[in-house]
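Before any comments, here is the structure.
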Amino acid sequence: MSKNLLIVESPAKAKTIEKYLGKDFKVKSSFGHIRDLDKGDKGINIEKDFEPKYVVSPDKRKVVKELKDAAKKVSEVWLATDEDREGEAISWHLCKVLGLDESQTKRIVFREITKPAIQKAVENPRLIDLNLVSAQQARRILDRLVGFELSETLWRKIKGKLSAGRVQSVAVKLIVEKEREIQKFEATPYFKVTALFQVDNGKGKMVELKAELKNRLETEGEARDFLEKCKGAIFNIKDISTKPLRRNPAPPFTTSTLQQEASRKLYFSVSRTMQVAQRLYEQGLITYMRTDSTSLSEMAIATIAKEIKSEYGDKYSKPRRFKSKSSNAQEAHEAIRPTYADRRSAGADRDQQRLYDLIWKRTVASQMSSAELEKTTVDIGISTIPGTTLEATGEVMKFDGFLKLYIESTDDDEQEEAKGILPPLKVGQELNLETLQAVQKFTRPPARYTEASLVKKLEELGIGRPSTYAPTITKIMEKDRGYVTKESREGVERAYQILTLKEDSISTESKTEITGSTSNRLYASDLGMLVTDFLDEHFGDIMNYKFTADIEEKLDEIASGEDDWRKMVGDFYGPFHEAIEETRENASRARGTRVLGEDPDSGHSVLVQMTRYGPAAQIGTKEEVGEEGKPRFANLRPGQSMETITFNEVMDLFKLPKEVGEYKGWTLEVNNGRYGPYVKYDGKFASLPKGMDPLEVTLEQAIEVVEQKEKEIAPIGSYKGEPITKGKGRFGPFLKYKDLYVNVPKKFDFDNITEAECHELIAAKIEKEANRYIKIWEDEKIAIENGRWGPFFRVKRKAVKIPKKDDKKMTAEELKELSLEDVKKLINEVDPTVLNSKKKKAKK
DNA sequence: CAGTGAGCGAGCTTCCGCTTGACTT
């Protein structure tokens, strides 16, 4: 039996550390936080000076029980949670829950999981830093107060289920502001002048030399003037200058930079990056993936240097130590690096291999020499326009250094053209002009955020933490909130002019390009804009980008013992809560109403506003239509926005539903539904194929759509005298037989499925349904159900796993014998929230 | 799935940050 128990946060870390510490130590993990504020009444007693009420999180009950048992069996418990605010708090909560004495229990910290680092830590234990714990409590309580009170205000003033908070609301605001910047932006045209010369490459062969006019020309007239003046001009080289250029490698990855690079180079979403990195971490291939630090352990620096020297030679090695850029970095871990630098490739699947490769290259490159380049600039004079020069540039690589391995990409999608070597040139040399072109360009609007560039911005503002970047982005895109959508949109065509001077004559050409197309960019929805405006108006302080930074400053004061956490929370809460009360009493419901004009038929106003079901257009207000009348409503279509929709676009929405004619005695009516345009006939619905404009549908087209649908839904046979029909639902293709829906697996060719195959599927489903339930208590909505992986409880609609008895799974026979009371007890063991939510209701 | 949009009011929802399994459409 071990004498010591050491508790860390991550189970993967626990395994490694146990190896380093030997027999005397048992190492277990807390799986992160074990307790949190209670949900009811905010978990904070505001009257009692913000006294927090902590409860063990339901999903951590088992972990806590195991830790308690393990703690009993040893003579000493060591706390080795992460070296940051949250880690300190986890240690403190562990003390409370395990009944350890804060003034005795040994607390140790290490930033890197290496044997020397851990041994050194064990030799230098300290006590829990209660000031740091206070800072964490202040952070936690503040977030709860802000989050819950803001959200509850939104439920009253906009609609239920909405959420707001210190981090998410600012993330949405960033996207909203970007959206408005883009809406306001007007592209300004300009002309860019490029000359192509024919030059001897020194071996008697003619090659092209490209040169540009540095300043832009504003109008077509100016461009034409310029070309006109260049007619018959002599171009000669005025000056050649070279200067050395040095490029340094980027620091090793943090969570945020890994997410950005994986997004740009591998097209991973931020959550996919984190999932794949987690798998690599669990296999021991990389260090911890949620970190804000760019530093590497001394051991890693030494191994990487050795690796570089043997692979590429001594002159490629340059050990570097990077300092963190962001001010609120807590640096509890190392940078993200391969555990073993000599493992050139690793990973269980392609995603893992590609991400590992990226991490390996970035880490190793960060320890390599700078690249040495030489940049040459050539000024070319124009005889007819003294004082104006064209410029040609070229770059020569003198030493590749880290570029041998890794080139960091940028967000800017206007790619710099690769600059090559210039042909031999000398001052005074006369150049032979091939063409001189003035091409019309346009200034570009700011780019919408991608998931990764939003993370970058949040990090710059010090908002959010490595562990929350991905969940925050998922949250603001969730269905019930829908503040933001990730979309790829097609651009529009735009014409541009090219003026060309060739052999002393000028020609004009008009071409078109696609502009404004996007892929996987974040768009603010109408709801996102409405909520942001509401919060901005009433809670400007919290929506300020500096809010988190200010709070962090105060938390630092608490951590250093200069300030008291209750005072800090009180100072904030007073004015904040006043603003909440003020808003709840005085602010009117926010609908974002915009009046666009007047309906020529009725004279009623035409407006758009947010309804319970989303943004909608409306003709006539309640007052205008009077008691009997009803306003007319139409939903905005996907891609339309309340802010930018025009009067005419709104009026188009009211042209539907529209009858297009009769067919087989049915009236065919075209309309827009939630899932797109459709034809309604005989009480049935047929979706229009993509790209068909519902306003332009002809009778012939509608008939075709209806016929196609009829063919699809025609019974394809019968089973025991009852018809079988086909359908396509949310979960894929299915067969319908009486009340039974039978999913059709992919291996069947759904369009050409045979009657025999249908019978087989239906029979299997009936069989399965018969075996589905072991026992049901109808009134309580509790059942014991057979699933793919064995039996489980079903409480209302929720699945709850069956706990093991004496470490063994319970058999079907045992389960059959269980009474309702037994089952309830077992359910409570696993997840006490499922049944309790019902009790609470009864009380109220 | 193919409607609703107003208001009433019961009964829901919500934060940030630290961690992994679990997932039975």
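Side chains included, hydrogens not; waters and symmetry mates left out as well; all remaining heavy atoms used.
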Using a heavy-atom cut-off of 4.0 Å across all strands, would you classify [X] as base, sugar-phosphate, or nothing?
| X | result |
| --- | --- |
| A/Ser151 | base |
| A/Tyr281 | sugar-phosphate |
| A/Gly165 | sugar-phosphate |
| A/Lys13 | nothing |
| A/Gly464 | sugar-phosphate |
| A/Ala89 | nothing |

Comparing A/Glu152 and A/Gln330 on DNA chain B - which has the more 5′ nearest nucleotide: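 Nearest nucleotide further toward 5': that of A/Glu152.
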
Want to settle it: does A/Asn671 or A/Val146 sit nearer the 5' end of DNA chain B, counting the closest nucleotide to each?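 Comparing both residues, the 5'-ward one is A/Asn671.
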
Could you run through DNA chain B and flag its stems, i.e. three or more consecutive Watson-Crick or G-U pairs with both distances under 3.5 Å? none

OP1 or OP2 of [N] sitting under 4.0 Å from any side-chain N/O of [X]?
| X | N | result |
| --- | --- | --- |
| A/Lys60 | B/dC18 | no |
| A/Tyr288 | B/dT19 | yes |
| A/Arg166 | B/dG17 | yes |
| A/Ser467 | B/dG17 | no |
| A/Ser687 | B/dA2 | no |
| A/Arg465 | B/dC18 | yes |
| A/Gln136 | B/dG17 | no |
| A/Thr468 | B/dG17 | yes |

Report the distance from atom [atom1] of [X] to atom [atom2] of [N], rounded to the nearest whole Å.
| X | N | atom1 | atom2 | result |
| --- | --- | --- | --- | --- |
| A/Arg85 | B/dC16 | CZ | C1' | 11 Å |
| A/Asp59 | B/dC23 | CG | P | 13 Å |
| A/Lys39 | B/dG11 | NZ | P | 20 Å |
| A/Arg144 | B/dG17 | CZ | P | 14 Å |
| A/Ile90 | B/dT19 | CD1 | P | 7 Å |
| A/Met274 | B/dT19 | CE | P | 9 Å |
| A/Glu149 | B/dC16 | CD | C1' | 16 Å |
| A/Glu66 | B/dT19 | CD | C1' | 15 Å |

Please name all residues satisfying side chain to side chain contact (heavy atoms under 4.5 Å, CB included) with A/Gln278, sequence neighbours left out, ordered by chain then number.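 So A/Gln278 forms a side chain to side chain contact (heavy atoms under 4.5 Å, CB included) with A/Tyr281, A/Glu282, A/Met289, A/Arg290.
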
Please name all residues satisfying side chain to side chain contact (heavy atoms under 4.5 Å, CB included) with A/Val167, sequence neighbours left out, ordered by chain then number. A/Ile463, A/Thr472

Charged N to carboxylate O under 4.0 angstrom, A/Arg85 versus A/Asp129? no

Basic-acidic side-chain contact under 4.0 Å: A/Glu83, A/Arg111: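 Salt bridge: yes.
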
Any stacking of A/Phe685 on B/dC1, going by centres under 5.5 angstrom and planes within less than 30 degrees? no

Has A/Phe148 got its ring stacked on B/dT14, by the test of a centre gap below 5.5 Å and a plane angle below 30°?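 Whether judged by distance or by angle, A/Phe148 passes, so it stacks on the base of B/dT14.
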
For [X], all residues meeting ring-ring contact (aromatic ring centres under 6.0 Å, His included), sequence neighbours excluded:
| X | answer |
| --- | --- |
| A/Phe31 | none |
| A/Phe534 | A/His538 |
| A/Tyr545 | none |
| A/Trp666 | A/Tyr681 |

According to salt bridge (charged side-chain N to carboxylate O under 4.0 Å, His left out), does anything in residues 136-149 of chain A pair up with another residue at least two apart or in another chain? List the pairs.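 Salt bridge (charged side-chain N to carboxylate O under 4.0 Å, His left out) check on residues 136-149 of chain A returns A/Asp36-A/Arg140, A/Lys42-A/Glu149, A/Glu86-A/Arg139, A/Arg139-A/Asp143, A/Asp143-A/Arg166.
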
Distance, C1' atom - from B/dG9 to B/dT13, rounded to whole angstrom: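 After rounding to an integer number of Å, I get 16 Å for this pair.
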
Please state whether the base of B/dT19 and the side chain of A/Glu9 form at least one donor-acceptor pair under 3.5 Å?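 Counting by modelled atom types and ignoring angles, no donor-acceptor contact under 3.5 Å is found here.
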
Check if the side chain of A/Arg290 and the base of B/dC18 share a donor-acceptor pair of N or O atoms closer than 3.5 Å. no

For the residue pair A/Leu530 and A/Ala590, what are the closest heavy atoms and their distance? CD2-O, 3.7 Å

Which nucleotide in the set [options] lies at the smallest distance from any side-chain heavy atom of [X]?
| X | options | value |
| --- | --- | --- |
| A/Phe31 | B/dG17, B/dG21, B/dC18 | B/dG21 |
| A/Ser10 | B/dT20, B/dG3, B/dG17 | B/dT20 |
| A/Arg481 | B/dT20, B/dG17, B/dT14 | B/dT14 |
| A/Asp143 | B/dG17, B/dT20, B/dC16 | B/dC16 |
| A/Tyr678 | B/dC15, B/dC18, B/dA2 | B/dA2 |

Donor-acceptor pair, side chain of A/Ser30 and main chain of A/Gly32, under 3.5 angstrom: yes

Do A/Glu88 and A/Thr81 have side-chain N/O donor and acceptor atoms under 3.5 Å apart?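 No - no donor-acceptor pair under 3.5 Å links their side chains.
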
Under 3.5 Å, which N/O atoms of the protein pair with N/O atoms of nucleotides 5-8 of chain B?
residue : atom : partner  : partner atom : Å
B/dG5   : N2   : A/Asn635 : OD1          : 2.4

